[in-house]
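A short worksheet on the structure shown next.
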Amino acid sequence: MTENDFVPSGYSHQIKSGKATWSAPSNIALVKYWGKKRNQIPANPSISFTLDIAATTTSVSYAKLTQSQGPFSFELFFEGNPKKDFEPKIETFFARVEKYLPFLRDYHFIIETSNSFPHSSGIASSASGMSALALCLMDLDRQMNPAMTSRFFKKKASFLSRLGSGSACRSIEGPIVQWGDHDDTEGSSDLFGIGYPYKVHNVFENYQDTILLVDKGQKQVSSTVGHDLMHNHPFATQRFEQAHNNLSELQQVFANGNLDRFIAIVESEALTLHAMMMTSHPYFILMKPNTLEIINKIWAFREANKAHVCFTLDAGANVHVLYPEHEKDITLQFIKNELVAYCENQQYLCDKIGFGAKKM
Ligand code: DP6
């Protein structure tokens with residue numbers, strides 16, 4: 001498929017007004033997206049677990065304007081209050097997707113959004129937020145073209161989300177989503193995420209993710225700036241190649257359920273992501289001392305108990321603690337006894353693998 005396949009060839013129905021509400025989950029990457037080309041095309045393929053509890057719910061009310069073709073017309077409310085500082089992000093998103101949703105200037109939109117996780121918890125909300133918004137707009141697109149298949153609906157929602165925030169394209173479906181051209185994955189694309197198409201061992205069913213909130217402050221360097229620093233990065237070529245290889249090996253791991261290899265790939269990906277930040281120009285560090293304390297505790301616990309708990313990191317200081325469901329009791333006990341002390345205000349969020357966005 002190409003970008004042009006997402007440009008509507010005309011609409012069969014006219015819609016005056018209405019409202020759509022979608023809830024979209026966050027996701028946690030196992031093989032990381034870090035570095036991109038023009039138009040939100042990833043420099044390497046990535047794969048993630050879709051989450052279940054951490055989610056954004058967005059409602060979009062739309063009313064057709066009598067005069068169209070002016071500037072985009074919208075109001076934005078976050079948790080019930082007007083949110084001026086989110087508006088430029090929406091403006092940029094609308095401009096990027098207008099070609100694929102040519103009706104955007106014909107309506108006034110009221111966007112109301114809220115998160116299931118505490119505001120400013122440091123849990124990235126751009127993936128869940130952008131995918132929920134894209135799904136609401138797709139709802140209108142589908143009403144104007146009711147012949148659209150649900151397969152195409154999801155693909156285009158993922159395609160549009162990507163233009164808002166790359167990782168958002170992995171939040172439409174679940175439980176495992178891959179994004180980016182990869183030789184060993186049929187149907188993979190740089191343009192949208194696809195549901196992981198191969199066999200997955202049942203040890204990954206209901207896989208757990210406890211998110212430890214180590215630092216809730218504003219990040220010093222945004223993901224967008226971090227991605228940019230992969231241009232002319234001394235290790236970029238090797239890193240992008242490594243992601244392809246890790247993804248190929250992960251396919252075997254998903255099939256055979258080898259958790260030792262799973263752990264080795266996932267933890268190496270997390271540390272490589274942060275190593276890229278530490279070796280870019282300018283260099284930066286997003287981990288905090290408590291991030292490292294937690295990692296060391298996880299390694300010690302795993303060794304002592306022959307357990308299968310591991311960690312991964314986003315572009316921040318928080319730690320995602322991943323473990324199989326059959327080790328839930330001992331791992332949660334360990335988290336409460338030994339890890340929660342390193343969290344800001346002892347805060348953490350128990351999540352698990354989920355099945356994608358839902359229409360409300
Ligand atoms: C470290 O998707 O937030 O979480 O496309 O600029 O919005 P933009 O970046 P974003 O980057 C996410 C990076 C990551 C890794 C990942 O989720 O794959």
Side-chain angles (χ1 to χ4, degrees), residues 24-51 54 56 86 88-90 92-93 95-97 122-134 158-172 174 176-182 188 190-194 196 209 211 218-231 233 236 239-240 242-244 246-247 250 265-278 280 284-287 291 311-320 322 351:
S26 193
N27 69 71
I28 180 67
L30 307 171
V31 172
K32 309 288 182 182
Y33 149 57
W34 198 245
K36 59 176 148 179
K37 306 176 200 165
R38 276 190 66 236
N39 296 332
Q40 295 284 103
I41 296 300
N44 65 259
S46 59
I47 194 163
S48 51
F49 282 158
T50 303
L51 296 183
T56 299
F86 280 10
K89 239 194 143 163
I90 305 292
T92 307
F93 176 61
R96 283 185 192 166
V97 300
I123 298 180
S125 58
S126 69
S128 53
M130 280 299 169
S131 52
L133 177 58
S158 176
F159 171 84
L160 297 175
S161 310
R162 186 197 99 240
L163 293 170
S165 179
S167 55
C169 79
R170 300 187 313 239
S171 274
I172 305 293
I176 302 174
V177 178
Q178 189 169 323
W179 165 43
D181 278 340
H182 180 236
S188 60
D190 280 346
L191 300 180
F192 45 80
I194 59 165
Y196 178 69
D209 178 7
I211 310 167
Q218 187 79 30
K219 282 189 287 192
Q220 303 125 297
V221 181
S222 72
S223 287
T224 304
V225 172
H227 284 291
D228 241 19
L229 293 173
M230 288 305 284
H231 293 291
H233 191 291
R239 160 58 198 153
F240 300 148
Q242 177 196 44
H244 282 265
N246 280 344
L247 206 46
L250 205 52
I265 295 167
V266 168
E267 291 191 344
S268 164
E269 275 288 324
L271 294 179
T272 302
L273 167 71
H274 284 260
M276 291 300 113
M277 301 173 191
M278 290 193 259
S280 61
F284 58 104
I285 300 180
L286 296 183
M287 291 184 288
T291 311
F311 71 87
T312 188
L313 307 167
D314 261 344
N318 296 335
V319 181
H320 287 249
L322 301 178
D351 211 334

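Heavy atoms only: backbone and side chains are in, while hydrogens, waters and symmetry mates are out. Whatever order the structure lists ligands and atoms in, that order sets their numbers, starting from 1.
- Asp181 and Ser188 are not linked by any side-chain donor-acceptor pair at a separation below 3.5 angstrom, with hydrogens and angles left out of the test.
- Under the ring-ring contact (aromatic ring centres under 6.0 Å, His included) criterion, Phe93 pairs with no residue at all, not counting sequence neighbours.
- The shortest side-chain heavy-atom distance between Pro42 and Trp179 falls under the 4.5 Å cut-off.
- Enumerated by chain and number, the residues approaching ligand 1 to less than 4.0 Å through a heavy atom are Ala29, Lys32, Tyr33, Trp34, Lys36, Gln40, Ser126, Ser165, Gly166, Ser167, Arg170, Ser223, Thr224, His227, Leu273, Asp314, Ala315.
- Looking only at atom types and distance, the side chain of Lys89 has no donor-acceptor partner in the side chain of Ser165 under 3.5 Å away.
- With sequence neighbours excluded, no residue satisfies side chain to side chain donor-acceptor pair (under 3.5 Å) with Arg162.
- Taking Ala236 as the reference, Met230, His233, Phe240 meet the side-chain contact (heavy atoms from CB on, under 4.5 Å) condition, with sequence neighbours excluded.
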